[in-house]
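What you see is a predicted model; the values in this text were computed from it and never measured.
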Amino acid sequence: MAGRGDASIGEFDTVIVGAGSAGCVLANRLSADPDQRVCLLEAGGKDRYIWIHIPIGYLYTQNNPRTDWCFKTEAEAGLNGRALNYPRGRVLGGCSSINGMIYMRGQARDYDHWRQLGNPGWAWDDVLPAFTRAEDFYQGADEAHGAGGEWRVEDMRLSWEILEAFREAAAEAGIPGTDDFNRGDNEGCGYFHVNQKRGVRWNTAKAFLRPVMNRPNLTVLTHAQATRIRFDGRRAVGIEFRGKGGAAYVAARREVILAGGAIGSPQLLQLSGIGPGDLLRDFGIPLVHELAGVGGNLQDHLQMRLIFKVANTKTMNERANSLVGRIGMGLEYFLFRRGPLTMAPSQLGAFAKSDPALETPNLQYHVQPLSLDRFGEPLHPFPAFTASVANLRPESRGRVRIVSPDPFAAPSIKPNYLSTEADRKVAAAAIRLTRRIAAAPALARFEPREFKPGEAFQSDDELVKAAGDIGTTIFHPVGTAKMGDDALAVVDARLRVRGIEALRVVDASVMPTITSGNTAAPTMMIAEKAAEMIREDRRG
């Protein structure tokens with residue numbers, strides 16, 4: 001671990017740890033004031049890898065140590081003893097460099113609920129301006145969207161017959177069509193909007209960091225892994241890190257901001273002496289301040305990947321398994337920036353209710369014109385589609401904990417999927433709803449046959465077992481340094497670590513409850529709001 005004799009790279013007003021979805025936004029906004037010197041630390045390298053920029057490249061950036069931390073979960077009882085790969089971006093742009101590029105804000109009720117939990121300033125009407133301020137929506141600005149901002153939002157650049165049929169089948173099953181999931185009520189079935197620019201991934205490094213890299217008051221250090229927050233009493237005064245030249249230290253005159261994500265931020269807090277007292281004492285880490293909630297409250301969306309074989313249509317499986325098909329896809333992309341290489345992992349989405357009595361949808365579908373056992377493995381040799389469905393508001397809560405005082409040791413990640421009766425009930429209902437959609441008349445001409453989990457699973461107990469077999473993360477961990485005013489809250493509504501001076505957490509870990517959809521856009525919104533609050537606090 002770094003010590004007091006480390007090489008110093010100087011003093012800055014603000015030191016930001018993590019150049020991901022939140023960190024790049026923060027660096028841009030805070031360095032806009034020429035009187036504020038900002039240092040941004042990133043453990044990974046620059047985003048020069050070609051597969052970051054070709055949209056389908058997520059197949060090659062996830063579980064690749066060049067771009068991913070390559071974490072794994074503990075074996076999960078709810079997944080019948082399986083452990084999962086748990087991708088987290090380790091490169092400029094963070095998860096925005098390796099994720100599915102889906103632009104999704106969630107529901108207005110998500111943010112209104114945050115306010116009701118004791119977090120003023122975080123209701124839907126409060127956060128909507130932060131979403132639109134940075135947005136560059138391809139259809140232009142209106143009451144729900146912004147134009148001219150840094151964050152490009154476009155439509156899909158390809159279509160599939162089987163997805164059109166699924167959309168019609170969803171309508172027949174009671175899920176209406178929609179053309180925009182981002183107006184506060186995302187109920188319906190339609191195509192996702194994506195963070196791409198003319199068929200190329202648009203990550204936060206391109207959007208927010210590159211345009212300001214020449215600012216004299218902004219310093220960006222890559223291959224610089226934070227190892228400990230340094231304190232003077234209970235005031236954060238800098239970050240110890242391991243860089244290319246060895247152990248080093250950067251001082252923060254005003255503030256340290258953690259933007260390492262729902263895994264990295266609680267890990268660094270615990271390593272630095274902020275967290276559950278018993279855990280820190282077990283590893284001989286001096287306790288700076290006991291906060292029992294650090295690393296707790298982990299929430300994630302577990303998707304159940306139902307696969308249906310089909311006939312009388314073409315899917316991605318046949319093209320990917322054919323040499324001619326692969327050559328054609330490559331030419332289509334490099335000549336026109338169109339075709340399957342522009343694909344997000346999912347093109348068609350749907351938001352539905354597992355129970356009609358619910359106020360808003362609690363299920364999200366990601367529908368794909370392909371099938372495979374798991375990402376990174378070959379597509380199946382038969383035509384098929386995958387209808388993944390996730391419980392948007394899981395009751396299960398997990399945790400992130402260090403396993404050693406060694407800052408380079410991966411933490412223990414235990415999501416505790418399907419650990420509540422309510423979550424198991426929703427999983428069974430979600431599988432049944434998916435089967436109803438597949439059996440609707442609009443899909444009949446394609447003769448869908450359930451391949452996974454298989455029609456043999458029928459009772460509630462059997463469907464819960466099936467959910468454990470086909471369930472996997474959709475990469476949305478949040479909540480491990482939640483904001484609030486209860487005993488397990490880690491930050492207040494202005495994202496300041498409770499009981500500590502000059503330290504904030506600004507990333508998905510501060511969400512008290514998970515948003516109803518993909519979490520990249522909400523994370524950037526949190527950073528946008530945080531930058532605004534930081535400027536206000538400095539003026540005030």
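Residues satisfying the side-chain hydrogen bond (donor to acceptor under 3.5 Å, both in side chains) test with R535, not counting sequence neighbours, are none. The ring pair (Phe, Tyr, Trp, His ring centres under 6.0 Å) check on H113 picks up nothing, with sequence neighbours excluded. Among residues two or more places apart in sequence or in another chain, the ring pair (Phe, Tyr, Trp, His ring centres under 6.0 Å) test is passed with F71 by W69. The side chain to side chain contact (heavy atoms under 4.5 Å, CB included) search around A27 returns I16, L40, L209, L218, not counting sequence neighbours. Remark: H193 pairs with F137, Y138 by the ring pair (Phe, Tyr, Trp, His ring centres under 6.0 Å) rule, at least two apart or across chains. Considering only residues two or more places apart in sequence or on other chains, F283 meets the ring pair (Phe, Tyr, Trp, His ring centres under 6.0 Å) condition with none of them.
Ionic pairing of E501 and R234 is not present here: no N-O contact between side-chain nitrogen and carboxylate oxygen is shorter than 4.0 angstrom. Taking the charged nitrogens against the carboxylate oxygens, R29 and D33 have no contact shorter than 4.0 Å, which rules out a salt bridge. D13 has no carboxylate O lying under 4.0 Å from a charged side-chain N of R538, or vice versa, which leaves the two without a salt bridge. In this structure, R105 pairs ionically with E135, as a charged nitrogen and a carboxylate oxygen lie closer than 4.0 Å. Ionic pairing of E240 and R228 is present here: one or more N-O contacts between side-chain nitrogen and carboxylate oxygen are shorter than 4.0 angstrom. Salt bridge annotation for D68-R90: absent, with no cationic side-chain nitrogen under 4.0 angstrom from a carboxylate oxygen. Note on E154 versus K197: no salt bridge recorded, every NZ/NE/NH1/NH2 to OD/OE distance being 4.0 Å or above. Here D537 does not pair with R254 in a salt bridge; the nearest charged N to carboxylate O distance is not below 4.0 Å. A salt bridge does not link D232 with R235: every distance from a Lys NZ or Arg NE/NH1/NH2 to an Asp or Glu carboxylate oxygen is 4.0 Å or more. Looking at R183 and E143, a side-chain N of the basic residue comes within less than 4.0 Å of a carboxylate O on the acidic one, giving a salt bridge.
At least one side-chain heavy atom of W151 sits less than 4.5 Å from a side-chain heavy atom of N195. M104 is listed as a side-chain neighbour of N182, based on a closest heavy-atom distance under 4.5 Å. Residues N203 and I98 fail the side-chain proximity criterion, which asks for heavy atoms closer than 4.5 Å.
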S516/R393 under side chain to side chain donor-acceptor pair (under 3.5 Å): CA gap, chis, key distance, verdict = CA-CA 7 Å; S516 299; R393 294 191 282 275; 3.2 Å; yes
Criterion ring pair (Phe, Tyr, Trp, His ring centres under 6.0 Å) on F231 and H289, from CA distance to verdict | CA-CA 11 Å; F231 296 97; H289 181 52; 9.7 Å; no
Side chain to side chain contact (heavy atoms under 4.5 Å, CB included) between H366 and I474, worked out = CA-CA 10 Å; H366 290 78; I474 204 163; 3.3 Å; yes
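In this structure, R230 forms a cation-pi arrangement with Y249, its terminal cationic atom sitting closer than 6.0 Å to the ring centre and no more than 45° off the ring axis.
Taking the six-membered ring where tryptophan is involved, the planes of W124 and F131 are tilted, since the angle between them lies from 30° to 60°.
When only modelled atom types and interatomic distance are considered, S265 and D507 share a side-chain donor-acceptor pair under 3.5 Å. Side chain to side chain, Y417 and D300 meet the donor-acceptor criterion of an N or O pair below 3.5 Å. In summary, the side chains of Q196 and T342 do not present any donor paired with an acceptor at a separation below 3.5 Å, with no hydrogens or angles considered. Side-chain atoms of Q299 and N297 include a donor-acceptor pair closer than 3.5 Å.
Under the 6.0 Å cut-off for aromatic ring centres, F181 and F192 qualify, their centroids lying closer than that.
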